[in-house]
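Beneath this line is the structure, given in structure tokens, with notes to follow.
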There are 2 protein chains.
Amino acid sequence: MPNTATLNRKSAERAARQELILQGALTVFKEKGLEGAKIDEIARVSGFGKATLYYYFTSKEEIFSALLLHGWLSLWRELEEIAVGGDSPRATFISMLKKIAELVNTDRPLYEFLFQAPQSYTREENERSEWKAYQNRLYKVLMELIEQGIQLGEFPQMEPRLIMKAMGGLFHGLVFLGKDRDTITENEIEEMLGNLLG
Amino acid sequence: MPNTATLNRKSAERAARQELILQGALTVFKEKGLEGAKIDEIARVSGFGKATLYYYFTSKEEIFSALLLHGWLSLWRELEEIAVGGDSPRATFISMLKKIAELVNTDRPLYEFLFQAPQSYTREENERSEWKAYQNRLYKVLMELIEQGIQLGEFPQMEPRLIMKAMGGLFHGLVFLGKDRDTITENEIEEMLGNLLG
DNA sequence: CTAATATTCGACCCGTAGTTCGAATAATCG
DNA sequence: CGATTATTCGAACTACGGGTCGAATATTAG
């Protein structure tokens, strides 16, 4: 006959431990990649025995996915609101980029991983994994904003995917290039985009 | 007492077989990545026995490196001439991009691999591998052109690395997005850059 | 043709690393 | 306090895959 309060605490502790494992995993995955990361090392870094990891996760793959899902989901949650805000496409687009930059500052390692891993590790299996759905959703929203913005003359008259690519590279650079800068990018983003979006 | 003519033929055949192996390796590496690619599969795809691969290469790693070196080296060779042509930075920059687009059309799979692999597989070991040197050299030349171009007001007044990043994304998109287009990009490049470089 | 050399290859070897086991310890309940 | 359940963990298991071996075949030399 289990005690409810105790049960809650236990489940909280369980979640906290999962979080610790994910934190360690992030470190190792970032440095070594999915294949290069060894379970033993993740265990060592996160301070648990190897078998304990399997008490909280069913496989290395699941740890990896949980990490990405966690990241993309929370990112999506934050951006969703902005996306439906009803501003002009260009304004919305810029707001979203700003928000992303802001979030990046709250957990740099995580987002560096999020924006690096996808290309590298998008092989068949992952293709249909849950996190990929949120990544795609975000991608799609941004693409639609660009398309609408082009219609309205708010963006250059180019193939939308190209603008997307260019923005991607640019934004990635802006947010991740500076090693020291931790307070990024309010007007910087504006300025940069203004420069390139004409 | 070996026969000279025969020796030449042999070495040519040897090179040809290495080429075949690399071709097969490219297919598999592109699809599966460095870790995901199994030697057995490369052997099967390129039509040799597994052990034969080791008769021509000393390791999987070497096959991978040979592939990248081959690509980056030939790319560099072609671009070097243009780089020292003495045109204005912006004109030189554009010429180089044009040239790259042209080369991509001669061996799309190879260049898709070249431009995809680097980020994914730049972990310690590869860091100092030979191909990386050529990749860096090319990167450096392009960066310098951008820097000089900014001085002359031929590029937007932005952090050079950002322009580089944006150009990278943009160019990558332009060259690799269109599935069908095999004759790319002469004036297209001009137009696209004009659009974004102001 | 025969000897020597070059090439090919599947079967095997063996280290690595993901996963599981079983025992030991800690926490909770009645 | 036992008894039951939750948690931890290193040792052991096992599959996989890079790399090697030795025999077989083809090629060249003389």
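Just so we're on the same page: letters track the sequence lines, and every chain starts at 1. Keep in mind it's a predicted model, so treat the numbers as computed, not measured.
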Discussion item. Among residues 41-57 of chain A, which ones have heavy-atom contacts with DNA chain C below 4.0 Å?
Written reply: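 Per residue number, the list reads A/Lys50, A/Ala51, A/Tyr54.
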
Within residues 15-25 of chain A, which residues have any heavy atom lying less than 4.0 Å from an atom of DNA chain C?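 By residue number: none to list.
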
Could you check how far [atom1] of [X] sits from [atom2] of [N], rounded to whole Å?
| X | N | atom1 | atom2 | answer |
| --- | --- | --- | --- | --- |
| B/Lys38 | C/dT16 | NZ | C1' | 13 Å |
| B/Asp40 | C/dC9 | CG | P | 13 Å |
| A/Arg14 | C/dA27 | CZ | P | 17 Å |
| B/Glu35 | C/dT16 | CD | P | 15 Å |
| B/Glu13 | C/dA6 | CD | C1' | 11 Å |
| B/Lys60 | D/dC16 | NZ | P | 15 Å |

Q.
For A/Gly36 and A/Thr58, find the nucleotide of DNA chain C closest to each by heavy atoms; which residue's nucleotide sits nearer the 5' end?
A.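 The residue whose closest nucleotide sits nearer the 5' end is A/Gly36.
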
- Query: Between A/Arg137 and A/Tyr134, is NZ or CZ placed under 6.0 angstrom from the six-membered ring centre and within 45° of the ring axis?
  - Reply: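 Yes.
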
With sequence neighbours excluded, tell me which residues meet salt bridge (Lys or Arg N to Asp or Glu O under 4.0 Å) with [X].
| X | answer |
| --- | --- |
| A/Asp40 | A/Lys50 |
| A/Glu144 | none |
| B/Asp87 | none |

message = Between B/Phe176 and B/Tyr111, is the ring centroid distance below 6.0 Å?
response =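 Ring centres of B/Tyr111 and B/Phe176 not closer than 6.0 Å.
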
Fill in: Side-chain heavy atoms of B/Leu142 within contact of B/Tyr139, under 4.5 Å
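Side-chain contact under 4.5 Å: no.
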
Legend entry - Partner residues of A/Gln157 under the side chain to side chain contact (heavy atoms under 4.5 Å, CB included) criterion, sequence neighbours left out: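 Per chain and number, A/Gln157 pairs via side chain to side chain contact (heavy atoms under 4.5 Å, CB included) with A/Ile150.
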
Note to self: For A/Lys99, run the side chain to side chain contact (heavy atoms under 4.5 Å, CB included) check against A/Val104, A/Ile94, A/Leu79 and tell me which one passes.
What the structure shows: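 One option only clears the test, and that one is A/Leu79.
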
